[in-house]
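These values consider heavy atoms only, across backbone and side chains, with no hydrogens, waters or symmetry-generated copies. If you're wondering where the values come from, they're calculated on a predicted model, not measured in any experiment. All chains are named by letter (A, B, ...) in the order of the sequence lines, taking the proteins before the strands, and each is independently numbered beginning at 1.
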Amino acid sequence: MADVEKAPAEEKKARPEAVDASGHPWVRSIRAALPETVVSAKEFAGQVTVVVQKDAIARVARHLKDAEDFKYCVDVTAVDWKDRQPRFDVVYHFYSFSKNDRIRVKCGAASGEEVPSIASVFLAANWCERETFDMFGIRFSGHPDLRRILTWDGFHGHPLLKDFPLEGVDTGAAIYPEEWPEGGGPSQKDPNRKAVS
Amino acid sequence: MEQLSDEKISQAEKDEAAYFAERAKAGAAAASSVPVASGDHTLFDVQEMELNFGPQHPSTHGVLRLVLKVDGERILEAKPDVGYLHRGTEKLFETETYPMGIPHTDRMDYVAAATNNHAFCLAVEKLLGVEIPRRAQLIRVLLDELQRLSSHLVWLGTSGIDLGAVTPFWYAFREREQILDFFEEYCGARLTLNCMRIGGLPFDLTPGWTERVAEFVADLPSRIDDYEQLLTDNRIWKKRTVGVGVISAEECVEWGLTGPILRGSGLEWDLRRARPYECYDELNFVVPTRQNGDTYDRYIVRVQEMRQSARIIRQCLEKLEPGEIRGKVPRVIKPPAEEVYASIESPKGELGFYCVSNGTNKPYRMHVRPPSFINLQALPRLAKGHLVSDLVALIGTIDIVLGEVDR
């Protein structure tokens with residue numbers, strides 16, 4: 001990728017650093033079309049990240065798709081910043097074939113808050129949003145079919161939350177309760193048992 | 001017995017070509033208009049039936065469950081149910097240091113472990129801003145392309161067997177066996193390779209490895225001719241694949257489909273060409289595309305890709321020179337508190353890693369963008385209006401690996 005200039009091997013390469021990208025044409029375009037939606041923008045390693053207002057995310061996605069030709073929704077996911085307010089970042093990646101570049105759009109969401117779904121803008125976002133809901137418990141308003149996807153219906157908790165224990169939770173499937181402890185996790189008799197998290 | 005004249009034969013060939021051209025069109029029409037159960041049926045009462053397809057079904061290539069709504073043999077609706085193989089890989093990434101994450105990636109797309117390793121390492125390297133030595137780049141491309149070959153061979157063999165073509169399976173797995181031997185010689189493992197490290201490679205090549213690979217790829221085009229002889233003009237194969245699961249390039253983009261599916265629909269887009277990583281920009285290869293976007297075209301695209309992979313491997317072997325195989329990476333990997341997304345063209349499509357660091361030696365969040373998962377999403381769209389037996393062809397043509405779908 002063209003973002004990193006090739007330096008001679010002897011020279012010590014400087015670590016890439018994030019720079020402000022408010023002047024980037026895509027950011028300006030969003031700002032012009034949807035005023036007061038852009039919170040901040042930065043560029044790191046040649047990748048542009050735009051943080052937008054949560055409620056405007058569907059409109060931003062629509063604008064990027066129609067006006068800026070970001071036709072391909074690569075990915076939707078989230079990051080749990082446990083002690084931060086708002087707790088979650090919902091992260092979207094869009095790709096444009098004509099620009100041959102990606103843009104990352106993020107929005108903050110507090111615990112329990114709903115985020116507008118972009119499944120009506122990009123069909124590809126449907127399962128990605130379901131996965132994000134399954135893993136983080138973030139609900140997407142307006143999603144056509146918001147069900148769990150990787151875990152099963154009736155599963156308790158959302159595994160990728162930082163306070164979800166690594167050894168698991170009680171799923172109610174206690175087949176051998178005398179050996180497998182309540183609350184899930186490795187057997188008490190397991191010599192390799194190690195309490196993590 | 002009547003001797004067939006040349007005209008008769010050429011006429012028969014023309015008829016056949018016209019027949020399959022018609023079929024390709026009819027497939028598109030069938031997919032766009034879903035038959036609704038109506039009172040037209042005279043012999044039997046119309047009955048919508050729910051049918052469970054999998055999770056224990058040999059042609060689902062793992063543990064995929066599909067809930068089908070069928071009218072007779074025609075699919076009205078297909079609902080994939082995934083997650084049977086969910087192991088919490090993304091959670092595991094968060095609890096272990098960066099280098100410890102690499103073996104977990106082997107277990108995602110387990111028929112293409114090298115490309116998974118590669119994408120993971122690429123993401124972390126981007127975060128660190130590490131330069132990879134040239135020899136390591138070339139060997140990575142070599143391993144990637146060998147892996148692409150072996151993945152496509154598995155696909156060719158298994159999806160052939162799903163549709164009743166048993167012979168190609170033995171041919172394909174014979175060659176795959178050789179590739180796995182190369183991997184075994186390089187890193188000791190045949191499937192879960194763990195063959196890349198952040199900043200480079202764990203080992204240099206063993207003596208004689210390049211010669212053996214060169215011999216293999218010199219031989220490969222004739223082997224691919226053999227598979228093509230068995231399938232490409234095979235009337236049964238064509239009847240099962242032409243016009244099945246037609247999707248246009250625009251729709252592919254809308255659904256986020258990548259890899260051979262997108263190229264089979266006519267869009268010439270390959271990350272190796274569009275956004276070259278490692279040294280793909282100096283290699284000569286063609287991105288094969290086809291126009292119809294049906295199962296047959298996706299088959300052709302994959303076969304062509306195998307030929308191109310062989311070509312890339314040959315070029316890499318020529319360019320290979322002695323040198324370093326590991327870049328300057330700190331002993332403890334602590335990337336700056338930033339985020340990157342890096343993706344490569346895996347055999348199935350765009351495989352991406354979104355990595356968020358908080359400045360410690362463990363990833364704060366490592367998200368995978370698995371091509372199989374996103375591609376599988378379009379299965380209901382592809383299957384609508386087709387017969388249950390075509391569904392088997394469609395699962396084959398998407399080329400899913402459930403380890404990657406469920407992670």
Side-chain angles (χ1 to χ4, degrees), chain A residues 1-4 6-9 12-18 42 44-47 49 71-81 89 91 93 95 97 100-102 104 106 122-128 130-132 134-135 145 148-152 155 159-162 164 166 168 196-197, chain B residues 79-86 88 90-92 94-95 126-131 133 250-258 262 267 269 274-277 281 324 327-328 335-343 350 352 354 356 358 364-365 367-370 373-374 376-378 381 405-407:
Chain A
M1 277 167 222
D3 42 62
V4 184
K6 291 212 169 168
K12 199 176 183 301
K13 259 193 87 225
R15 279 188 160 193
E17 270 176 31
K42 65 163 186 185
F44 175 76
Q47 303 185 351
T49 309
K71 292 259 187 290
Y72 161 33
C73 173
V74 181
D75 196 20
V76 181
T77 186
V79 183
D80 174 18
W81 302 97
D89 266 343
V91 187
H93 285 92
Y95 177 85
F97 287 92
N100 188 19
D101 214 341
R102 293 190 196 89
R104 182 183 305 123
K106 295 203 291 190
F122 295 98
L123 288 174
N126 188 319
W127 276 23
C128 298
R130 275 179 71 183
E131 191 194 329
T132 310
D134 192 2
M135 293 292 138
D145 181 26
R148 286 182 178 272
I149 185 161
L150 292 182
T151 61
W152 58 96
F155 181 80
L160 279 181
L161 292 180
K162 287 284 174 186
F164 186 92
L166 185 67
V196 213
S197 104
Chain B
K79 269 192 185 162
D81 182 7
V82 299
Y84 289 86
L85 216 56
H86 179 61
E90 288 177 12
K91 184 90 175 170
L92 290 172
E94 291 174 10
T95 58
K126 218 167 166 54
L127 208 50
L128 287 166
V130 181
E131 187 97 355
E250 291 76 41
E251 258 190 291
C252 279
V253 173
E254 185 58 40
W255 282 102
L257 301 178
T258 45
L262 184 62
L267 193 61
W269 189 76
R275 293 179 67 84
Y277 46 94
D281 45 354
E324 284 287 310
K328 288 192 172 60
E338 272 302 335
E339 55 189 335
V340 289
Y341 175 84
S343 64
E350 175 173 355
Y354 170 58
V356 181
N358 60 350
Y364 190 74
R365 169 96 172 96
H367 174 71
V368 192
R369 190 262 181 214
F373 180 74
I374 311 277
L376 181 63
Q377 195 180 173
R381 151 69 186 80
V405 174
D406 300 340
R407 283 154 290 143

Quick one: do the A/Y95 and B/W269 side chains pair a donor with an acceptor below 3.5 Å? yes

Validation row: A/K106, B/E339 side chains within 4.5 angstrom (heavy atoms): yes

Answer key: most heavy-atom pairs under 4.5 Å with chain A among B/L85, B/I374, B/L127 is B/L127

Mind checking whether B/W255 and A/C73 have side chains closer than 4.5 Å, heavy atoms only? no

Of all of A/C128, A/A125, A/A78, which one pairs up most often with chain B through heavy atoms under 4.5 Å apart? A/A78

Under 4.5 Å between any side-chain heavy atoms of B/H367 and A/M135, yes or no? no

Identify the two heavy atoms, one from B/A274 and one from A/N100, that lie closest to each other, and give their separation to 0.1 Å. O-ND2, 2.6 Å

Heavy-atom pairs under 4.5 Å with chain B: which of A/T151, A/D134, A/V91 has the most? A/V91

Any side-chain heavy atom of A/E131 within less than 4.5 Å of one from B/F373? yes

Determine the minimum heavy-atom distance between B/G256 and A/A124, stating which atoms define it. N-CB, 3.7 Å

Under 3.5 Å, is there a donor-acceptor pair between the B/S343 and A/R102 side chains? yes

Just so I know, are the side chains of A/F97 and B/V253 near enough to count as touching, which here means a heavy-atom distance under 4.5 Å? yes

CZ/A/R104 to OH/B/Y341 distance, rounded to the nearest 0.5 angstrom? 10.0 Å

Proximal component of B/L267, with respect to chain A [non-hydrogen, under 4.5 Å]: side chain

What's the verdict on side-chain contact (heavy atoms from CB on, under 4.5 Å) for B/E350 and A/Y72, showing C-alpha distance, side-chain angles and the deciding distance? CA-CA 12 Å; B/E350 175 173 355; A/Y72 161 33; 2.7 Å; yes

Please determine whether the number of non-hydrogen atoms from other residues, nucleotides or ligands lying under 6.0 Å from atom CD of B/E251 exceeds 12. yes

Got a second to check how far B/L92's CG is from A/L166's CG, nearest 0.5 Å? 6.0 Å

For the candidates B/E90, B/E324, B/E338, B/H86, which exhibits the highest count of non-hydrogen atom pairs separated by less than 4.5 Å from chain A? B/E338

N-O pairing of A/K71 and B/E250 below 4.0 Å: no

Side chains of A/K162 and B/K91: does their closest heavy-atom pair fall under 4.5 Å? no

In terms of heavy-atom proximity below 4.5 Å to chain A, should B/V356 be classed as side chain, backbone, both, or neither? side chain

Are side-chain heavy atoms of A/T77 and B/R365 found at a separation under 4.5 Å? yes

Which is it for A/W81 and B/Y364 under the ring-ring contact (aromatic ring centres under 6.0 Å, His included) test, yes or no, and what are the steps along the way? CA-CA 9 Å; A/W81 302 97; B/Y364 190 74; 4.5 Å; yes

Less than 4.5 Å to any heavy atom of chain B: does that hold for the side chain of A/N126, its backbone, both, or neither? both

Should A/L123 and B/Q377 count as side-chain neighbours, where that means a heavy-atom distance under 4.5 Å? no

Give, as side chain, backbone, both or neither, the part of A/D80 having an atom under 4.5 angstrom from any heavy atom of chain B. backbone

